[in-house]
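Please read these numbers as outputs of a predicted model, since none were measured by experiment. Within every chain, numbering begins at 1; the chains are lettered A, B, ... in the order of the sequence lines, protein sequences first and strands thereafter.
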2 protein chains.
Amino acid sequence: MNEGIKNKELLLAHMSSAFSLTDKEIEELIALFTERKIKRRGFVLHQGDVCRHFTFVVSGCLKMYAIDPAGKEYNLEFAAENEWVSDLFSFYSEKPTGIYIEAIEPSVILQITRQNLIYLYSNYPKFNSTFRIIIERKYIELQNRVLQNISATAEERYENFLDQFPALASRLPNTQIASYLGITSEFLSKIRKDLAQRR
Amino acid sequence: MNEGIKNKELLLAHMSSAFSLTDKEIEELIALFTERKIKRRGFVLHQGDVCRHFTFVVSGCLKMYAIDPAGKEYNLEFAAENEWVSDLFSFYSEKPTGIYIEAIEPSVILQITRQNLIYLYSNYPKFNSTFRIIIERKYIELQNRVLQNISATAEERYENFLDQFPALASRLPNTQIASYLGITSEFLSKIRKDLAQRR
DNA sequence: CTGAACCCTTAAGATATCTTAAGGGTATTT
DNA sequence: AAATACCCTTAAGATATCTTAAGGGTTCAG
């Protein structure tokens, strides 16, 4: 088996964890997703472009972020193995995006275009549920994050991040985590010191 | 035409704005949604219960919020006419919810149970897309909110709220808006004063 | 109609978080 | 292997936001 097919097996395993797939559905999935390798610091999506793909991460890690007029980055989302990422607004509206998706580590991704996704939706109704569930899960996660943002201190949000994403926490530089939490990296450093001293 | 049917027309108009519906689909929608009237301060969902319905607001306004151990409320979402609200986590997992949905104004809502929604999904595949799109739109909105929360000052977030939800802004008490923005109502008061003086 | 509950504002002092600056460590690129 | 870019930490002073307290206006329920 070549490596391309092997990478797609992770996608198939992921998709069939919610619904079992027929042979025909599997065949279509394999045909419609395109594999790409992204170097560290390579862009999957760049501000000003239209987001033309829904992306599944096979290996590595991506970050999705916005940049403010002063040039500061704000991390909206990390996507590591088995996770989906896309700027849904640009993807469906076909308007230029305001955000970036960039590889933090060398990564392998699988992508489907909007047209092919719509083709899947109309010809294999099951995929409507599959992608509805994918979005619903991401929605629940985002809602928890909003609740944290409006109710918890920076220290609480950091501890929650460690609990919720232990693997990411050990993989990512603290600067990236601080940007995700909405604090400066200097302040995260102080939080870490305080936590360490208290234990 | 009786009032119950009239209320459901708003739902039908809403649903068919994305996809046109067949007579049969319309008939099912009308049959599967139940109408309820909620008094001001009445609960649509209470912490500890399982969220058994997906709710569409016909008139009035609901708020969805969490309460922390100290008793403070944090508004996750407002839902006025033509909007959907539900605790998706509890709705799909059938686990007890940690949150509240409460009427801020006397409201009329239409609700569908999880079982009936699943029935709709399996028998009328179109509704998979409809609800997928509903969630996608809410996802995009939440993502913008997270970006605001991690990148903007309280004053910027307030001005953005006024821009994005002018109707809500004039309808809701400032205490509720402050809770949504993640600030105290005293601080919102100061922000409003500063903005007024600057203009 | 009236008391109770809620809402808005103001202000003073406390706390959380940011900014700037600097130094040393580590990883990446040349 | 050197040079560069990145990363982490510390600390001092600045700013944003919270807490508490108080007073007056408005709405709601009895």
Rounded off to whole Å, could you give me the [atom1]-to-[atom2] distance for the [X] and [N] pair?
| X | N | atom1 | atom2 | result |
| --- | --- | --- | --- | --- |
| A:Asn174 | D:dC7 | CG | P | 10 Å |
| B:Leu172 | C:dC8 | CG | P | 10 Å |
| B:Ile191 | C:dT9 | CD1 | P | 12 Å |
| A:Phe187 | D:dA11 | CZ | P | 15 Å |
| A:Glu155 | C:dT15 | CD | C1' | 13 Å |
| B:Asp68 | D:dC18 | CG | P | 13 Å |
| B:Asp194 | C:dC8 | CG | P | 17 Å |
| B:Ile104 | D:dC28 | CD1 | P | 13 Å |

Determine, for [Y] and [X], whether the Lys NZ or Arg CZ falls below 6.0 Å from the six-membered ring centre while staying within 45 degrees of the axis.
| X | Y | answer |
| --- | --- | --- |
| A:Arg145 | A:Tyr180 | yes |
| B:Lys63 | B:Tyr65 | yes |
| A:Arg132 | B:Tyr121 | yes |

Check: [X]/[Y] side-chain N/O donor and acceptor closer than 3.5 Å:
| X | Y | value |
| --- | --- | --- |
| A:Tyr119 | A:Glu28 | yes |
| A:Ser185 | A:Asn174 | no |
| A:Gln111 | A:Thr55 | yes |

Problem - Ring-ring centroid check A:Phe56 A:Phe33, cutoff 6.0 Å - result: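 No, ring centres 6.0 Å or more apart.
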Measure from the side chain of [X], starting at C-beta and using heavy atoms only, and say which of [options] lies closest.
| X | options | result |
| --- | --- | --- |
| A:Thr184 | D:dA11, D:dT17, C:dC18 | C:dC18 |
| B:Ser189 | D:dT10, C:dT9, C:dT17 | C:dT9 |
| A:Pro173 | D:dA11, C:dC8, D:dC8 | D:dC8 |
| A:Lys72 | D:dT19, C:dT19, D:dC28 | C:dT19 |

Do any side-chain nitrogens or oxygens of [X] fall under 4.0 Å of OP1 or OP2 in [N]?
| X | N | answer |
| --- | --- | --- |
| B:Arg192 | C:dT9 | yes |
| B:Arg41 | C:dC6 | yes |
| B:Thr175 | C:dC8 | yes |

Practice task
Classify the nucleic acid contact of B:Glu186 as base, sugar-phosphate or nothing, counting any heavy atom under 4.0 Å across all strands shown.
Solution key: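 Base contact - B:Glu186 has a heavy atom under 4.0 Å of at least one base atom.
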Practice task
Compute the bend angle of the helix from C:dC1-D:dG30 to C:dT30-D:dA1 from the end axes (five pairs per end), rounded to 10°.
Solution key: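 Answer for the end axes of this duplex: 60°.
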Problem - Identified side-chain contact (heavy atoms from CB on, under 4.5 Å) counterpart of A:Ile109 within the set A:Val85, A:Leu62, A:Ile101, A:Thr34 - result: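 Going through the options one by one, the only one that passes is A:Leu62.
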Problem - DNA chain C: 5'-proximal contact among B:Lys193 and B:Gln176 (nearest heavy atom) - result: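 Closest to the 5' end, via its nearest nucleotide, is B:Gln176.
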Practice task
Select from A:Gly182 and B:Lys190 the residue whose nearest nucleotide in DNA chain C is closer to the 5' end of that strand.
Solution key: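 Result of the comparison: B:Lys190.
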